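What you are looking at is a predicted structure, and each value in this text was computed from that prediction instead of being measured. Proteins come first, then strands; the chains are lettered A, B, ... in the order of their sequence lines, and each starts at number 1.
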Amino acid sequence: ASQVLVMGPDDYIVAVVSSLNRPFGSGIITPSGILLNSQMLDFSWLNSTLNYSSPGLRNLIQPGKRPLSFLLPTIVRPSEGMCGTYLCLGANNGDKALSSITQVLVNVLTLNKNLSESLSLGRLHPQLQSNILQVDSEFPEEDIKFLESRGHQVDKVDVLSLVHGARRTNNFIIGVKDPRSMDAAGATIL
Amino acid sequence: AAEKEASQQSTLGAYSPVDYMSITSFPRLPEEEPAGAAAEGCLRSRKEEDAFLGEQDTDPDSFLKSARLQRLPSSSSEMGSQDVSPLRETSKDPFSADCSCRQDGLTVIITACLTFAMGVTVALIMQIYFGDPQIFHQGAVVTDAARCTALGIEVLNKQGSSVDAAIAAALCAGIINPHTSGIGGGGVMLVHDIRKNESQVIDFRETAPFGIQEEGLQKAWELKPGLLVGVPGMIQGMHKAHQLHGRLPWSELLGLTANIAQDGFNVTHDLARAIAELKELNYSDKFRETFLPDGQPLLPGMFVRRLDLATILDLVGSEGVSAFYGGNLTQEIISEVHNYGGVLLEEDFSNYNALVENPVHTVYQGHLVLSPPPPHAGPALITALNILEGFNITSQVTRENTLHWIAETLKIALDLANSLGDPVCDASVYHSVEDMVSKSKAGFLRQLINDSQSFPSGINIPHFSMESGPP
């Protein structure tokens, strides 16, 4: 998925996450250059659904229906008043986006870490089918041992998900990209 | 006797209506000493008049008008009774020390000043809340590609709205990183207005074609990739967002984006990696020409132009969304999808609508967290946060415990996410969402987590009952 996060001078916060499903979608490109999506893969299919999670029946394919999506643009603001921290987050890579955004929010809002550090810290993601806990390359070995001592089966992967963010505290705004991405960029108007 | 007459005439002259106005208009006039009983009578009479005038409207204009009307008839009738002089004799002294006409004048001035000040204050407050910002303060843009971030900043610098910047940057992402998104796909936008504390979700996710059948899809999607194609929502989603929050003209926004494709850009590491990982060999000539020119994959940093996309964006910019949903582009997409075994129809495009909805939300650690509603997994994210909030995670709690709680909580949240679907097609999803975002349900789910031991995914998590729906 692609992410776009904007915190503008007009006091609006905008987060957009868009996708084609798989890389290059269906692989079909029209003569005029439009690459077409493969979003039907996000629907649950009956035979694979029933032996895994029966509530997935709500996501069976149907004409005119939108499939279940883990596109999760997320915005945070103070629950009372206007003063305090505003956040704007986006993430990619399917259901790993949910895990990643949760951990970044815990880092910023609970552990009071700054946004840059919160985005750069190692993250984990439980694979439901295999019951394996995936961790990314930034995840400390010490923490992996902690988790294994609690009975988690841990598997290390390079990148789980890219999370970008923007933060506003009063009138100070900063845009931060996930350091795992070589191409992403955050820019701030001063 | 002459002195007395002169004194009386002077008094009478001062009491004419014209002079009364002078008194009310100018609070400080030369004062004359009151004369005995006459002065006492004036005082009593003046007090009566003041009492009367005090009952009038506090508005200075109406006050003066009513005062004038009160006095004119009596003066003129008495004046008519005099043979020679138009003036009448009076025992009242309007210049007495206690004459409150001067206080009335001060009241008028103070009232006028206060009214003016209040008016200016109200106007300023309205300007602050409803007017354009007078000070261009900070802004930030983050995207997956530096070129698109720069475009977003450029739009903001052109006084475009945040949504304008997001539209341009999102369409740009489809040009620079065509493997992740583009006008042939869809997505979701979350917009929040800080001042009004209002939020909107614009859902432009793709929809299943009317001719789709699950059985056919399962059997043949690998051979017929056309079956995987949903109705693209990107252009309509961007247009809807622009209608709601756009400031720059639509054509200008798409023109700026088209310039990126026209002028060219450097291939990103991410695109190059995606091309390098392509496994299938049966891509069309157009696909190969675009991403594998001369049989070689594009490499990071190579300079490319997408003149084809520039033409489309210029067309949609000048002709509007109808150029995409119903024009030649629709016919071309349908034809191409059919070539690959798909079932898209023209009606799929004409019936497509980007939805505007409210986000789901919770309060986590004193902050309002907003996320998209189903069919997006926002409610599951809310559940995860609600569960974690109850663990009272602090920097004092061991990292070991925190990581274990997060892992176990995410298992529950991800499992619950699989119970979601499109509520438009299955209203029971709404009931599940209500349950999922409630703090009490989170408390119940938190109790299922064993602090010292991991539990297998999907076990012991109570799913929400299904009350209706096609299955």
Review point. Checking side chain to side chain contact (heavy atoms under 4.5 Å, CB included) for the pair Asn418(B)/Leu128(A): CA distance, chi angles, key distance, verdict?
Key: CA-CA 11 Å; Asn418(B) 286 313; Leu128(A) 296 190; 4.0 Å; yes
Review point. Going through the distances and angles, do Met7(A) and Gln138(B) end up as a side chain to side chain contact (heavy atoms under 4.5 Å, CB included)?
Key: CA-CA 8 Å; Met7(A) 279 190 177; Gln138(B) 287 193 326; over 6 Å; no
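- Contact count against chain A (heavy-atom pairs under 4.5 Å) is highest for Ile194(B) among Asp308(B), Val231(B), Ile194(B).
- The residue among Ser181(B), Pro232(B), Gly187(B) with the most heavy atom pairs within less than 4.5 Å of chain A is Ser181(B).
- Side-chain N/O atoms of Ser161(B) and Asp10(A) include no donor and acceptor closer than 3.5 Å.
- Ring orientation note: the planes of His179(B) and Phe24(A) are tilted relative to one another, at an angle of 30° to 60°.
- The part of Tyr86(A) that comes within reach of chain B is its side chain, from C-beta onward, which places non-hydrogen atoms under 4.5 angstrom from that chain.
- Put simply, CD1 on Ile312(B) and CD1 on Ile34(A) are 4.0 Å apart, with the number rounded to the nearest 0.5 Å.
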Practice item. Go through the steps to decide whether Val424(B) and Arg66(A) satisfy the test side chain to side chain contact (heavy atoms under 4.5 Å, CB included), and finish with yes or no. Key: CA-CA 9 Å; Val424(B) 174; Arg66(A) 288 168 159 82; 5.9 Å; no
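- For a residue to count as touching a neighbouring chain, one of its non-hydrogen atoms must lie under 4.5 Å from one of that chain's; by this rule Ala187(A) touches chain B with backbone and side chain alike.
- Nearest heavy-atom pair across Met40(A) and Leu217(B) is CB-CD2, 4.2 Å.
- Put simply, of Val176(A), Leu71(A), Ile101(A), the one with the most heavy-atom pairs under 4.5 Å next to chain B is Leu71(A).
- Residue Lys411(B) holds its NZ atom at 5.0 Å from CG of Asn131(A), rounded to the nearest 0.5 Å.
- For Pro209(B), the parts lying near chain A are the backbone and the side chain together; criterion is any non-hydrogen pair under 4.5 Å.
- Between chain A and the options Ala150(B), Ala170(B), Ala169(B), Gly184(B), the largest number of non-hydrogen pairs under 4.5 Å is found for Gly184(B).
- Options Arg306(B), Gln453(B), Met189(B), Glu206(B) differ in how many heavy-atom pairs under 4.5 Å they form with chain A, and the most are formed by Glu206(B).
- Heavy-atom distances place both the backbone and the side chain of Leu68(A) under 4.5 Å from chain B.
- The two residues Ser2(A) and Ala173(B) come nearest to each other via the heavy atoms OG-CB, 3.7 Å.
- A distance of 12.5 Å separates CG in Leu410(B) from NZ in Lys96(A), rounded to the nearest 0.5 Å.
- With chain A as partner, the option from Leu370(B), Thr311(B), Leu329(B) having the largest number of non-hydrogen pairs under 4.5 angstrom is Leu370(B).
- Side-chain contact of Arg77(A) with Ser199(B): a donor-acceptor pair under 3.5 Å is absent, judged by distance alone.
- Contact of Ile176(B) with chain A is not made at all, since no heavy-atom distance falls under 4.5 Å.
- Between the NZ atom of Lys65(A) and the SG atom of Cys425(B) there is a distance of 5.5 Å, given to the nearest 0.5 Å.
- Here Tyr12(A) contributes atom OH and His245(B) contributes atom NE2; the two are 5.5 Å apart, rounded to the nearest 0.5 Å.
- Residue Asp422(B) holds its CG atom at 12.0 Å from CD1 of Ile61(A), rounded to the nearest 0.5 Å.
- Judged purely by atom type and a 3.5 angstrom limit, Thr149(B) uses its side chain to pair as donor or acceptor with the backbone of Ala185(A).
- Looking at Leu35(A), both its backbone and its side chain come within 4.5 Å of chain B, counting heavy atoms on both sides.
- Only the side chain of Leu111(A) comes within contact range of chain B, with heavy atoms under 4.5 Å apart.
- Nearest approach of His367(B) to Val76(A), heavy atoms of both residues: CB-CG1, 3.5 Å.
- Only the side chain of Gln103(A) has a heavy atom closer than 4.5 Å to any heavy atom of chain B.
- Heavy-atom pairs under 4.5 Å with chain A peak, among Gly421(B), Ala208(B), Gly185(B), at Ala208(B).
- For chain A, no part of Asn328(B) is nearby; none of its heavy atoms comes within less than 4.5 Å.
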